[in-house]
Amino acid sequence: MLRFHRLVTMRREGSILAVIVMNVVFMSMLFTRIEQERSLKNEITQNKYVEGNYLLDDFNEASDASIPLVDHVKIVERNWTRRTSPQSCPLFPPGLKGKLDLPGNDSIPPSLDNIAGYHPDVKLGSYKPIHCLARYKVAIVIPYRDRAEHLQVLLNHLHPVLKRQQLDYTIYTISFAGNGTFNKAKLINAGFVEVNKDRQYDCFVFHDVDVLVENDHCLYWCSEEPRQLSYYLDKFDYKPLEYKYPCRSESAPERTKLFGGAVMFSQKVFIEVNGMSNLYWGWGGEDDDLYWRIWSKGYDINNPYGENCRFSMIKHQREGYNRANPGRIPLVYHSIGRMPYDGLSNLRYKKLGFQRYPLYVNITVGVGKQHKKMHDFLSSDFNSTKCEKVKMPWE
Ligand code: UDP
Ligand code: MN
């Protein structure tokens, strides 16, 4: 009896000890976390380029943000010779159809369940050919908020195309959390980082949810140089678009070319240009900024598939939360000088969700909001012909 009593006491002492040990471990983890956040805050405030936090402080609290991310992307040199192995899929995919039927503007797309039913070989957003080695691993990255019908149309249209093109691919939506002003470029940056963590790809196609390729001979294949897939858009009468920016510095291209809709990047080049600018809140400018970035690194628009790369855009209204950004002209003007500081290197966001659905993978991110001072500055009335005289707040 006595022995039994002692045993019970020992057990009780043991469990008290375990609770104490757990508490100590918990407290030390908490302190480490607080210390990490404190040093992150210091790191941010010490960055001389962001005096006044114009470039970084999209969040109210540094603790809201993840760590500056550049070293989170593992740079993997792609083995481009894989494409010429004896098992590689043919250089001309045999099942291509050519010109494709496009859905009418008022037609109702099949439900996601039905689309998934047509493609049992697409597994959790991914597909790869089974009888040959795909030449390219491609991530399709779609900036997204509240465009469910466009997404259905796109998935219904694009899966069959990519399958016929014999790609090893995954489709991702990068969802903008909340109903603040949209920021497509920052979403793309966050998507790029997160997709890199999911799997290694040869290239990334940053793809608007509402553009549809009209011919499957326009291959979503990778190259080391960036590529404009949606080279000819119905919205612009299929004319390759070039325009002069209202103001241009010596170091900028004389003519700006349309570089949006659907564009392809190798990981190496996207990192080389520091991704996209994080500063374009609302509609417009971020694609021109990206063109100036690639141009400044010696690349240009590249479309090896010619007229096959015609795209059609689903007609829609612009959302209230994506109004034209009044400050886009001076921002583009300073694009090249700002490139080393503004992009992947100072990107901060919060990953809020990750779901693998049958037809795509969704990653939801909070990208914060525009700094108030920056907002006020960019909302001032710019005379666009004199924008080179506009000094940016951080200069
Ligand atoms: N987008 C979105 N929800 C929005 C605004 C934009 O999903 O509220 C995404 C979507 O992929 C869209 C792209 O951003 O295709 C470009 O925006 P939008 O279509 O409004 O611009 P446009 O290219 O038509 O001028
Ligand atoms: Mn659109």
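These numbers were taken from a predicted model, which means no experiment stands behind them. We count ligands from 1, going down the list as the structure has it; atoms in each ligand are counted the same way.
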Chemist: Under 4.0 Å from any heavy atom of His316, which atoms of ligand 1 are there?
Modeler: 18 (P), 19 (O), 20 (O), 24 (O)
Chemist: Report yes or no: does Asp210 have a heavy atom closer than 4.0 Å to ligand 1?
Modeler: yes
Chemist: Do any nitrogen or oxygen atoms of Met313 come within less than 3.5 Å of a nitrogen or oxygen of ligand 1?
Modeler: no
Chemist: Ring-plane angle category for Phe206 and Phe204, please: parallel below 30°, perpendicular beyond 60°, tilted otherwise.
Modeler: parallel
Chemist: By number and element, which atoms of ligand 1 are closer than 4.0 Å to a non-hydrogen atom of Arg147?
Modeler: 2 (C), 3 (N), 5 (C), 6 (C), 7 (O), 12 (C), 15 (O), 18 (P), 19 (O), 20 (O)
Chemist: Pick one of side chain, backbone, both or neither for how Asn322 approaches ligand 1, counting any non-hydrogen atom pair under 4.0 Å.
Modeler: side chain
Chemist: Is the closest side-chain heavy-atom distance between Gln166 and Arg135 below 4.5 Å?
Modeler: no
Chemist: For Leu91, is the CG atom crowded, meaning more than 12 foreign heavy atoms sit under 6.0 Å from it?
Modeler: yes
Chemist: Tell me, which protein residue and heavy-atom name are nearest atom 16 (C) of ligand 1, and how many Å apart are they?
Modeler: Asp208 OD2, 3.6 Å
Chemist: Using 2.8 Å as the threshold, say whether any N, O or S atom from Asp210 sits that close to the Mn ion (ligand 2).
Modeler: yes
Chemist: Which atoms of ligand 1 sit under 4.0 Å from any heavy atom of Tyr144?
Modeler: 7 (O)
Chemist: Among all protein heavy atoms in this structure, tell me which lies nearest to atom 11 (O) of ligand 1, with the distance rounded to 0.1 Å.
Modeler: Pro143 O, 2.7 Å
Chemist: Taking distance alone, with no angle check, do Arg145 and ligand 1 share an N/O pair under 3.5 Å?
Modeler: yes
Chemist: Quick one: sort the Phe270 and Phe265 rings into parallel, tilted or perpendicular, breaks at 30° and 60°.
Modeler: perpendicular
Chemist: Enter the distance from Phe192:CZ to Met276:CE here, rounded to the nearest 0.5 Å.
Modeler: 12.5 Å
Chemist: If you measure every N/O of Lys184 against every N/O of ligand 1, is any gap under 3.5 Å?
Modeler: no
Chemist: Is a donor on one side and an acceptor on the other found under 3.5 Å between the side chain of His157 and the backbone of Val213?
Modeler: yes
Chemist: For atom 8 (O) of ligand 1, which protein heavy atom lies nearest, and how many Å away is it?
Modeler: Glu319 CD, 3.2 Å
Chemist: Which atoms from ligand 1 have a heavy atom of Val209 less than 4.0 Å away?
Modeler: 10 (C), 11 (O), 15 (O)
Chemist: Just wondering, more than 12 heavy atoms not from Tyr238 lying within 6.0 Å of its OH?
Modeler: yes
Chemist: For Lys235, which part has a heavy atom under 4.0 Å from ligand 1: side chain, backbone, both, or neither?
Modeler: side chain
Chemist: Of Trp283, Tyr321, Phe176, Phe182, which has the heavy atom at the shortest distance from atom 6 (C) of ligand 1?
Modeler: Phe182
Chemist: To make sure I understand the geometry: which N, O or S atom in His316 is closest to the Mn ion (ligand 2)?
Modeler: NE2
Chemist: Just one of Asn278, Asn274, Asn189 clears the side-chain hydrogen bond (donor to acceptor under 3.5 Å, both in side chains) bar with Asn346, so which one?
Modeler: Asn278
Chemist: For the atom pair CG (Asp287) and CD (Gln228), what is the distance rounded to the nearest 0.5 Å?
Modeler: 9.0 Å
Chemist: Checking Trp221 against Tyr305 for the ring pair (Phe, Tyr, Trp, His ring centres under 6.0 Å) test, could you report, in this order, the C-alpha distance in whole Å, the side-chain angles of both residues, the deciding distance, and whether it holds?
Modeler: CA-CA 10 Å; Trp221 283 12; Tyr305 306 112; 7.4 Å; no
